[in-house]
Number of protein chains: 4
Amino acid sequence: MATVATRTAAQEERRRQILDAAVRAFAKKGYHACRVSDIAEEAGVAYGLVYHYFESKDAVLEAVFREMWGAMVGAINAIESLDDSPRQQLRKSCAIVLRTWRDYPDVVRVLVREVARSGEQLQREVEEIAHAFEALQRIVERGQREKVFRQDLPPRLAAWIVYGALEEILTGWVLGRLPGEDQDIKDAERTVVGILCDGLIDD
Amino acid sequence: MATVATRTAAQEERRRQILDAAVRAFAKKGYHACRVSDIAEEAGVAYGLVYHYFESKDAVLEAVFREMWGAMVGAINAIESLDDSPRQQLRKSCAIVLRTWRDYPDVVRVLVREVARSGEQLQREVEEIAHAFEALQRIVERGQREKVFRQDLPPRLAAWIVYGALEEILTGWVLGRLPGEDQDIKDAERTVVGILCDGLIDD
Amino acid sequence: MATVATRTAAQEERRRQILDAAVRAFAKKGYHACRVSDIAEEAGVAYGLVYHYFESKDAVLEAVFREMWGAMVGAINAIESLDDSPRQQLRKSCAIVLRTWRDYPDVVRVLVREVARSGEQLQREVEEIAHAFEALQRIVERGQREKVFRQDLPPRLAAWIVYGALEEILTGWVLGRLPGEDQDIKDAERTVVGILCDGLIDD
Amino acid sequence: MATVATRTAAQEERRRQILDAAVRAFAKKGYHACRVSDIAEEAGVAYGLVYHYFESKDAVLEAVFREMWGAMVGAINAIESLDDSPRQQLRKSCAIVLRTWRDYPDVVRVLVREVARSGEQLQREVEEIAHAFEALQRIVERGQREKVFRQDLPPRLAAWIVYGALEEILTGWVLGRLPGEDQDIKDAERTVVGILCDGLIDD
DNA sequence: AATGAATGAGTTTTCATTCAT
DNA sequence: TATGAATGAAAACTCATTCAT
């Protein structure tokens, strides 16, 4: 049993090694320009081993999505259980998303670049993305129940708008069109929460 | 000269025929999955002809971006010259973007799906996208100058947030995750302007 | 119209050029050991051109079967319309099959070697083989109707036996286990017709 | 020594287990489409183990031929020592071949499908096939010596014809083109012996 | 201008075989 | 003996692009 556990752990480690390498490789050249051999080389393993741990090149990308994104969604979900005000919850959610850029820029790079790819197949499979929206939506709904947020906004649409604002900022950073240093990240957090909560209008 | 003009017009028509077909083809299968012969077939011409009018498959996509997007940006720019309040200008800009979906769903589909692709090459070449951001940014700046918008928000970042909110809604429609009927489009317009101008907070 | 005809003829010629090369290539190394590049090289054309004229490597083999075999079946069918005795018809049919070896050894080599391959798919698609059996079967049936052949033999089974005897001789020649010179071919013809018509028993 | 003997017996059992599994696997998918892991899975062992008992995938097929075929040839050889008439010997030989289908359809399936494959290498190694022909040839020769069979037929060619007739019937059964129920097997036996001994001609 | 035959580099994937444990 | 992770060569197939007509 110890042997089995060790073996499984070793396998898991290998899998992770390849997955991390894939993130770096995809981030460098983009998914389509990236050959399976690039992943293997980046991971320091033989070509065929990638196929031991993943069905196909596509499956690798899907795993990147599922597992990397999953961590972020988990963090956002955790926020719900905290006894914060809706505004605080929204702020913390935005912070998590935006700071992921600081902590895992390659992961964000890949997620941002490839998330819209082959809309039909990949997106439907990766429910994690949907979970992120649902968590945001629940925060909005709670804010409306507690009369903190305006009643006239469809929560689902509001969640999409919040998510869109965040993703666009990440995109700006990924593409180097927006400055993304540590201070900028804090500014972005303040600005996006400011706009989303209080609006652009000065009143 | 009349002859030349006629020829040029005929050429322009052919070019347009191929470009429109490309939009439909890209919208159906995505840029990468779409072969040059698919474009030609959709246009009803031999596929060698695509190379008479465009340098490469990439150049076709770039033209789609430049020309289709250009129309939208032009419309947004036109708004600036109108004597509306900043809020009205923002509302109209959002309306233009969102209604483009109703009028040219295939174009939007392609723009949304492929805009993040090959960040290095394509994006830099297509400055039209940048122009859209600048137009939004100028609207925000004007709002701040006129003391209608809050002073503490970086205009550039605000423009990105506005754009991100809009793009995400379009994505939701494209992927069928958000309802996109005529009434939904109007609702989305009201909601996105509401959030961006007045915030989520009920005060 | 002349242009179209010429073009089609040119295409047909190219197709034939590749098909003939495939026969030579398959005959040399066997279907499985033969790469598509071997076919292209043998034909003196570029790699990809094979895929212009054939769906896949498998489709090439199928075409070899269908077209090469078709010629032989056509010849056997022609015999039926002649006013020969059943024995004569049988003799001529055997002669056609056996002499194909002399005239197109490579074709026979391929047919013999690969005919049993992937029984499910290929065989069922290539009806030409079935036609050969039917022609032989009709000859047997006519022989029985005319009271020349024995009544107690199921014609279908008899046709298979005749065909099996012929194929085995071809196999012996292909594999170099039976001598296959011109004189041997004549002997084989006489022997196989002798056994099939009059039996081994000396009476 | 007892230990060694036991070990060897256990080894032999394992070897047999893998070989039987290989027959089933080859019969199902054909030799080429069958991976080593398919054999191992069918045998219920790890696929590295196949390489403990066999040099290579090819060696497994060769062993199938040698050992399975060997049993059949042995049975045919045994017939020679019986004090039967040549016709009886021929009938019994045919019966053995045809009834093997009933008893070991998977074995026959593999032998029939793959026997013509890679003529150069495999065939030369598997002399068992040659032995079957020789046994048939000796039966014919004896029949000629005893003035029961016609003198004008080359015995070697006659043996090939007999074998071809039998193989074709097996092929028909394997491919499902000829009915292969118990009664059909008996009919086939009667028919093939009838044709080969007495001919198609009714006299 | 228009056609589509021809090219061939590039990429994924498969799988027999080896080898460390 | 038994396992299955690791290797990497091999090959089919795709498709953007060129070019002769």
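Proteins come first, then strands; the chains are lettered A, B, ... in the order of their sequence lines, and each starts at number 1. The model shown is predicted, which means the values in this text are computed figures rather than measured ones.
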Round to a whole Å and report the spacing from [atom1] of [X] to [atom2] of [N].
X	N	atom1	atom2	value
C:Tyr51	E:dG4	OH	C1'	20 Å
D:Arg35	E:dT14	CZ	C1'	9 Å
C:Phe54	E:dA6	CZ	P	12 Å
D:Glu12	F:dT1	CD	C1'	16 Å
A:Glu41	F:dT7	CD	C1'	15 Å
C:Asp58	F:dA11	CG	P	16 Å
B:Asp38	F:dT14	CG	P	13 Å
C:Gln11	E:dT3	CD	P	16 Å

Item to complete: Would you state whether a donor and an acceptor, one from the side chain of D:Tyr47 and one from the base of F:dA2, lie under 3.5 Å apart?
Response: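 Answer is no: no donor-acceptor pair is held.
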Worksheet item: Do C:His52 and E:dA6 have a side chain to base donor-acceptor pair shorter than 3.5 Å?
Response: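 Flag set: donor-acceptor pair detected.
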Worksheet item: Which value, rounded to the nearest 0.5 Å, describes the distance between C:Lys28 atom NZ and C:Asp38 atom CG?
Response: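 Between C:Lys28 NZ and C:Asp38 CG, I get 8.5 Å after rounding to 0.5 Å.
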Worksheet item: D:Ala46 side chain: which of E:dT12, E:dA2, F:dG4 is closest?
Response: F:dG4
Side-chain ion pair, [X] and [Y], N-O less than 4.0 Å:
X	Y	answer
C:Arg24	C:Asp20	no
D:Lys29	D:Glu42	no
B:Glu41	B:Arg35	no

Discussion item. Let me spell it out: for each of A:Val36 and C:Val45, pick the nucleotide of DNA chain E with the closest heavy atom. Which residue's pick is nearer the 5' end?
Written reply: C:Val45
Worksheet item: Can you tell me if C:Tyr31 uses its side chain to pair, donor with acceptor, with the backbone of C:Asp58 under 3.5 Å?
Response: yes
Discussion item. Can you list every stem that DNA chain F is part of, counting only runs of 3 or more consecutive Watson-Crick or G-U wobble pairs with both distances under 3.5 Å?
Written reply: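 Runs of three or more consecutive pairs: E:2-21 with F:2-21.
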Discussion item. Under the criterion side chain to side chain contact (heavy atoms under 4.5 Å, CB included), I'd like the reasoning laid out for B:Tyr104 against B:Val23: C-alpha separation, chi angles, the key distance, then a yes or no.
Written reply: CA-CA 10 Å; B:Tyr104 308 100; B:Val23 169; over 6 Å; no
Practice prompt. Between A:Leu49 and B:Gly48, name the one whose nearest nucleotide on DNA chain F is closer to the 5' end.
Written response: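 This one resolves to A:Leu49.
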Worksheet entry | 5′-ward residue of the pair D:Gly44/B:Ser56 relative to DNA chain F |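 Residue closer to the 5' terminus by nearest nucleotide: D:Gly44.
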Item to complete: Could you tell me how the ring of A:His32 sits relative to the ring of B:His32: parallel (under 30°), tilted (30 to 60°) or perpendicular (over 60°)?
Response: parallel
Item to complete: Name the nucleic acid region contacted by A:Ser37, choosing base, sugar-phosphate or nothing; use a 4.0 angstrom heavy-atom cut-off, strictly under.
Response: nothing
